[in-house]
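Have a look at the structure below before the remarks.
Chain letters run A, B, ... following the sequence lines, proteins first, then strands; residues in each count from 1.
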Number of protein chains: 2
Amino acid sequence: MFSKACEYGIRASIFIAEQSLIDRKVSLKDVAEAIDSPAAYTSKILQKLSRNNIINSDKGPTGGFSMGKKELEKVKLGSIVFAIDGESIYNGCGLGLKKCNEKMPCPVHNQFKMIRDQLKKMLETTTVLSLAVDYEKGFSFLKR
Amino acid sequence: MFSKACEYGIRASIFIAEQSLIDRKVSLKDVAEAIDSPAAYTSKILQKLSRNNIINSDKGPTGGFSMGKKELEKVKLGSIVFAIDGESIYNGCGLGLKKCNEKMPCPVHNQFKMIRDQLKKMLETTTVLSLAVDYEKGFSFLKR
DNA sequence: CAAATAGTGGACAATTTTATCCAATATAAA
DNA sequence: TTTATATTGGATAAAATTGTCCACTATTTG
Ligand code: FES
Ligand code: FES
């Protein structure tokens with residue numbers, strides 16, 4: 001469904017969001033341990049999220065990754081997926097034709113469109129904040 | 001969503017099904033041209049489909065790939081996806097945890113489960129035959 | 001200013017996926 | 001039985017994704 005990079009990106013964002021809720025900046029190492037991901041690779045992904053204004057990062061001692069109140073409220077899952085995996089989720093064809101195209105649809109276009117539209121809607125309405133709150137309550141897990 | 005191999009596999013199956021409807025066996029070359037895929041790679045995929053009894057293949061002159069009436073009626077999209085991409089569509093976690101697990105769900109489990117269940121249902125109810133019939137009528141395309 | 005800390009960026013390596021090539025096998029037809 | 005044809009299987013290669021290493025920059029603190 002999503003690339004590994006995107007999965008790490010989502011998990012990292014949820015962890016950073018949750019820590020930001022209790023006013024904590026987290027280091028790369030913190031993130032990698034919390035979501036059980038390779039640190040150096042995770043670093044690249046966090047850079048991308050940072051450049052896309054999904055999280056912010058501060059250098060130096062007392063530095064680390066965090067999310068401000070505004071970001072916490074406006075960042076949806078879709079923003080992360082788009083930042084990392086691009087628009088393929090939105091306009092890609094289920095059978096790999098150049099682009100999804102109503103006028104010259106692939107044989108599974110109708111079936112796929114329905115599902116993809118729902119996925120899209122889900123991504124665009126689910127906030128990282130809401131997921132972070134559940135995670136904080138211990139209802140969900142970022143590693144196993 | 002699916003691997004490239006799986007996309008080729010589905011497109012190939014639809015083409016083979018459609019040609020079988022008018023009692024034609026097709027060669028590897030025919031398939032590769034019809035779906036615009038690399039022939040040698042497509043060959044591997046067709047082998048896998050053949051071993052999974054989704055299509056049949058005959059060697060030698062007058063050989064080629066085809067689907068019998070029984071296969072045409074019983075093969076669903078899901079059979080193809082399972083044969084090529086395995087069970088990850090069914091039990092994989094949306095955020096990349098080892099397995100999807102109700103007891104220790106990832107933060108997006110509920111949202112993903114809903115979408116994945118619908119995808120699953122779609123894959124399990126859509127027959128290759130129905131897609132082949134639409135394709136035959138010119139309602140859909142296998143390449144662009 | 002010096003030292004310690006933490007993210008950044010670039011090069012590189014490993015792995016997985018996708019793609020190619022060719023000899024071997026099976027089969028039908030002449 | 002010879003020949004032509006078409007799939008099969010194994011070895012490789014190319015490309016994309018995932019993962020690692022290390023020197024550099026920015027920043028805080030003493
Ligand atoms: S054309 Fe294939 S999904 Fe729309
Ligand atoms: S645990 Fe992640 S999708 Fe079910």
Side-chain angles (χ1 to χ4, degrees), chain A residues 1-13 15-16 19-20 24-67 81 83-86 88 92 95-96, chain B residues 1-13 15-16 19 24-67 81 83-86 88-89 92 95-96:
Chain A
M1 185 84 84
F2 302 130
S3 68
K4 219 97 189 73
C6 192
E7 292 172 351
Y8 291 149
I10 294 172
R11 277 153 61 191
S13 298
F15 175 67
I16 293 168
Q19 291 289 294
S20 287
R24 281 197 190 137
K25 277 184 188 174
V26 292
S27 70
L28 171 61
K29 190 157 164 278
D30 292 336
V31 174
E33 280 170 2
I35 73 174
D36 190 28
S37 68
Y41 192 48
T42 305
S43 169
K44 308 296 185 192
I45 297 162
L46 294 182
Q47 282 176 48
K48 193 170 280 188
L49 293 179
S50 171
R51 280 189 233 103
N52 282 80
N53 303 309
I54 289 167
I55 61 177
N56 44 42
S57 72
D58 300 292
K59 285 184 171 183
T62 77
F65 300 94
S66 60
M67 288 180 79
V81 173
I84 299 178
D85 280 351
S88 67
L95 292 192
Chain B
M1 185 82 86
F2 302 131
S3 69
K4 216 102 190 69
C6 192
E7 293 173 350
Y8 291 149
I10 294 173
R11 278 152 63 192
S13 298
F15 175 67
I16 293 168
Q19 291 288 295
R24 278 196 193 139
K25 276 185 188 174
V26 292
S27 70
L28 172 61
K29 189 158 164 277
D30 293 335
V31 173
E33 279 170 4
I35 72 174
D36 190 29
S37 67
Y41 191 49
T42 305
S43 168
K44 307 296 185 191
I45 298 162
L46 294 182
Q47 282 177 49
K48 193 170 280 187
L49 293 178
S50 171
R51 280 189 233 104
N52 282 82
N53 302 310
I54 288 166
I55 62 177
N56 45 42
S57 72
D58 300 291
K59 285 184 171 180
T62 76
F65 300 93
S66 60
M67 289 179 78
V81 173
I84 299 178
D85 280 352
S88 67
I89 283 277
L95 292 191

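- OP1 or OP2 of C:dG9 sits under 4.0 Å from a side-chain N or O of A:Arg51.
- With sequence neighbours excluded, no residue satisfies side chain to side chain donor-acceptor pair (under 3.5 Å) with A:Asn53.
- Checked against salt bridge (charged side-chain N to carboxylate O under 4.0 Å, His left out), A:Lys59 has no partners two or more places apart in sequence or in another chain.
- When the side chain to side chain contact (heavy atoms under 4.5 Å, CB included) test is applied to B:Lys4, the partners found at least two apart in sequence or on another chain are B:Glu7, B:Tyr8.
- Among the heavy atoms of the strands lying under 4.0 Å from A:Val26 are primed sugar atoms or P, OP1, OP2 only; no base atom is included.
- If you walk DNA chain D from 5' to 3' and mark each nucleotide with an atom closer than 4.0 Å to a heavy atom of chain B, the marks span D:dA4 to D:dG10.
- For the pair B:Leu49/B:Ser13, a side-chain contact is recorded, criterion being any heavy-atom separation below 4.5 Å from C-beta on.
- Judged as a side chain to side chain contact (heavy atoms under 4.5 Å, CB included), and not counting sequence neighbours, the contacts of A:Asn52 are A:Lys48, A:Ile54, A:Ala83.
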**OP:** Go along nucleotides 16-30 of chain C 5' to 3' and tag each nucleotide: B for a protein heavy atom under 4.0 Å from its base, S when only backbone or sugar atoms are that close, - otherwise.
**Re:** --BBB----BBBBS-

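- Not counting sequence neighbours, the partners of B:Ser43 by the side chain to side chain contact (heavy atoms under 4.5 Å, CB included) test are B:Leu28, B:Gln47.
- With sequence neighbours excluded, the residues satisfying side chain to side chain contact (heavy atoms under 4.5 Å, CB included) with A:Lys29 are A:Ser27, A:Glu33.
- Here B:Asp36 pairs with nothing under the salt bridge (charged side-chain N to carboxylate O under 4.0 Å, His left out) rule; sequence neighbours left out.
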